[in-house]
Number of protein chains: 2
Amino acid sequence: MKEVDSKKMWLEGYAVSEFLPHNTIDCVILGYGNHSLKVLVLKWKRGELWSLPGGYVLRSESFDQAATRILKQRTGLSSIFLKQFYTFSDPGRNRPKYSHETEIIKQILQNADLVNGDRDMDWFTKRFITTGYFALVNMQKTTPSPDFLSDRCEWKSLQEVPDLLADHNQLLQKALETLKIQLNYLPVGISLLPKRFTMKDLRLLYEAILKTNLERSNFQRKMLKLGILVRHEKQMTGAANKAPYLYSFDREKYAALIKKGTGFYFD
Amino acid sequence: MKEVDSKKMWLEGYAVSEFLPHNTIDCVILGYGNHSLKVLVLKWKRGELWSLPGGYVLRSESFDQAATRILKQRTGLSSIFLKQFYTFSDPGRNRPKYSHETEIIKQILQNADLVNGDRDMDWFTKRFITTGYFALVNMQKTTPSPDFLSDRCEWKSLQEVPDLLADHNQLLQKALETLKIQLNYLPVGISLLPKRFTMKDLRLLYEAILKTNLERSNFQRKMLKLGILVRHEKQMTGAANKAPYLYSFDREKYAALIKKGTGFYFD
DNA sequence: TCAAAAGTGTTTCCAATACACCCATGA
DNA sequence: TCATGGGTGTATTGGAAACACTTTTGA
C-alpha cells in the first residue's frame with residue numbers, strides 16, 4: 001500500500017493516504033433535454049458496470065469542496081448549482097451486490113498497475129459512507145469526461161438508467177425526491193434550461209420533475225405572474241402551427257424570488 | 001492508545017478502535033413546553049462548556065442506528081421520531097474555538113484516567129465529520145441523563161441556548177430551518193405534544209416553529225378540516241373564562257396525512 | 001381551409017383572511 | 001355583570017382549475 005501511495009499516479013493524481021478513509025462523495029448530476037430529465041452516469045472499464053460520478057475526500061477539504069472538484073472534473077463546469085441531499089451510511093452499502101463487481105474492480109486496478117495483491121484491495125472493499133450531492137446543469141454547456149475507473153460518461157434519461165453500483169440507484173431516487181420537495185426553493189429553470197426557452201419547455205421540465213401533468217394555460221398564467229420572465233420575439237419553428245414566444249429569466253428577480261420560495265405549489 | 005482501548009471502560013462501554021475514526025453523530029433533540037420549543041443540551045464536567053448530545057459511530061452500525069442508540073442513552077426513549085438533516089464537514093469544524101476547550105477536554109479525560117499524554121488526545125482533536133439528526137420528543141416522557149463527558153443534561157428554550165461547542169449552534173439553526181421547511185411532512189404535533197392538548201397549544205407550537213403569528217379562528221378551522229383531530233370533553237382550567245376543548249390525534253389518519261403532506265401552507 | 005399548437009379569456013369554486021359576534025367561566 | 005378567552009359565523013378577496021375561444025402557422 002505504501003508503494004502505491006508513493007506513486008501518486010492514480011485517483012486523479014492523489015495518493016490513498018491523502019484521503020479520508022471512510023467517506024466518499026457521489027454526485028447526481030441532472031440535466032434536461034428532449035423533454036426529459038437526464039442524469040450523468042459512468043461506465044466502468046470492464047463489463048457492464050455503471051455508477052454515479054463520485055470520489056474520495058481529501059483530508060484537507062470540505063465535502064462541498066470535494067463535490068465541486070468532482071463535478072468540475074466530470075463536467076468541466078464550475079460555479080454550478082450543487083447541493084448536499086443525504087448521507088448514506090448502511091454498513092453494507094458498498095459491499096458488491098454481484099461477485100463480478102469485485103472482479104471487475106480488481107481487474108481494472110491490476111491493469112492500471114495500482115494493486116499488487118488482495119491486501120491492496122482493502123482500500124476499495126472496506127466500509128465507505130457516502131454523502132450525496134445533486135447538481136443542476138445546462139447539458140449543452142458540459143463536456144463530460146470519465147474518471148480513472150471508467151471509460152465512458154453518458155447522459156441517460158431517467159427511464160433508461162441501468163442497474164448501478166452499490167446503492168447508487170437509491171441515491172438517485174433520493175435526489176429526485178429532494179428535488180421534487182424543494183422545487184419551489186431551487187433554481188431549476190435557470191440551471192437546467194438554455195438561456196432562451198419556450199413556455200412549453202418550462203412546463204415540461206416541471207412536469208418531468210413532479211411526474212404529473214400541469215394544465216397548459218394555468219401554468220402559463222402562474223409563471224408570468226411571478227414576474228421573473230422576460231418575453232422575447234417569437235421563433236418560427238417550421239411547424240404548421242402558431243410559433244411560441246421565447247422567454248428568458250430576469251436573473252435578479254429570479255434570485256430574489258427563489259430566496260423566499262416561489263409560493264408556487266402543485267400537488 | 002492500545003491500553004485505553006483494552007480497558008473498554010469509557011465511551012459508554014466501547015473502545016476507540018470500535019468506532020469509525022472520522023465520523024460522529026450529533027442530535028438536536030426538540031421538545032415543547034411552556035409555549036416554547038426546547039432543545040436538550042449537555043453541560044460538560046468542567047467549566048461552562050455546553051454541547052449537543054452526540055457520539056461516535058460503531059464500525060458495525062448505520063448512522064440511523066447510532067443516532068437511535070445515542071438518543072436512547074440521553075433520553076431513555078426509543079421509537080421516537082428521528083431524522084437525518086445534514087452532514088457538516090468543514091475541516092476546521094471541531095477545532096476548538098477557545099483554547100480552554102482543549103484544556104477542559106484534557107482535564108476531563110485525565111480525570112477519568114482515559115488518557116495518559118498528548119498522544120491520546122489525538123483521537124479527540126483530529127478532524128471529525130458530523131451528521132446531524134433531529135428528534136421530536138414529548139418532553140414529559142423523557143428522563144434526560146448526561147454522558148461520560150458531561151454532568152448535566154438540560155432542556156433549554158431556544159432563546160436561552162448558550163454558546164455551544166464547535167459548530168453546534170449552526171447545527172441547531174440548520175435543524176430548525178429544516179423543521180420549518182418540512183413542517184407539512186413531519187409529525188410535529190403527535191411527537192411534541194402530550195396525548196391531550198388544546199387548540200391553543202397546537203397553534204402556539206406552530207407559531208414557535210414558524211416564528212410567526214397565526215390567526216386564531218382560521219387556524220382552528222384549517223386544523224379541524226384536516227380530519228385528524230378527535231375532540232374530547234372540556235377541561236375546567238380554573239380561570240375566569242371559557243374552558244377550551246381538549247383534542248387528541250387520530251393516529252391512523254394522522255399518519256396517512258403526513259405521508260402525502262398536509263397541504264397546510266403558511267408563508 | 002384544415003389541423004395543430006400557442007395565446008387569451010371566462011366561469012366556477014374553494015381557501016385564506018379579517019373580523020364580528022356569541023358563549024362559558026369565575027371573580 | 002364584567003372581563004377574559006374560547007368557539008363559531010360571515011363577508012370579501014384572490015387564486016386555482018377547467019375549459020372555451022381565438023390566433024398563428026405550414027401543409
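Side chains are part of it too, since the values below use all heavy atoms of this structure and drop only hydrogens, waters and symmetry mates. In what follows, every chain begins at residue 1, and chains take the letters A, B, ... in the order their sequences are listed.
Nucleotide dT8(D) holds its C1' atom 18 Å from the CE atom of Met223(B), rounded to whole Å. Computed from coordinates, the Tyr245(B) OH to dC23(C) P distance equals 13 Å when rounded to whole Å. The distance between atom CZ of Phe219(B) and atom C1' of dG5(D), rounded to the nearest whole Å, is 17 Å. If you take NE2 of His232(B) and C1' of dG7(D), they are 18 Å apart, rounded to a whole angstrom. Across the protein-nucleic acid pair, Lys200(A) atom NZ and dA4(C) atom C1' stand 10 Å apart, rounded to whole Å. Atom CG in Leu204(A) sits roughly 12 Å away from atom P in dA5(C) (whole-Å rounding). The interatomic distance linking Leu214(A) (CG) with dA17(D) (C1') rounds to 12 Å, in whole Å.
With sequence neighbours excluded, the residues forming a side chain to side chain contact (heavy atoms under 4.5 Å, CB included) with Ser51(A) are Leu42(A), Trp44(A), Leu165(A), His168(A), listed by chain and number. Partners of Asp163(A) under the salt bridge (Lys or Arg N to Asp or Glu O under 4.0 Å) rule, at least two apart in sequence or in another chain, are Lys97(A). Annotation: salt bridge (Lys or Arg N to Asp or Glu O under 4.0 Å) contacts of Glu154(B) (sequence neighbours excluded): Arg152(B), Lys156(B). Every residue meeting the salt bridge (Lys or Arg N to Asp or Glu O under 4.0 Å) condition with Lys43(A), not counting sequence neighbours, appears here in chain and number order: Asp151(A).
The phosphate of dA15(C) (OP1 or OP2) has a side-chain N or O of Lys225(B) nearer than 4.0 angstrom. When the side-chain nitrogen and oxygen atoms of Gln220(B) are compared with OP1 and OP2 of dT8(D), one or more of them lie within a distance under 4.0 Å.
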Quiz item: Taking protein heavy atoms under 4.0 Å as touching, what does nucleotides 18-27 of chain D look like 5' to 3' if B marks base contact, S marks sugar-phosphate-only contact and - marks none?
Solution: BB---BBBB-
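A perpendicular orientation is assigned to the rings of Tyr254(A) and Phe249(A), their planes being inclined by more than 60° (bins at 30° and 60°).
Sorted by first and then second residue, the side-chain hydrogen bond (donor to acceptor under 3.5 Å, both in side chains) pairs with a member in residues 187-197 of chain A read Arg196(A)-His232(A); sequence neighbours excluded.
Note on Arg231(A): only backbone sugar-phosphate atoms sit closer than 4.0 angstrom, heavy atoms only; bases stay farther off.
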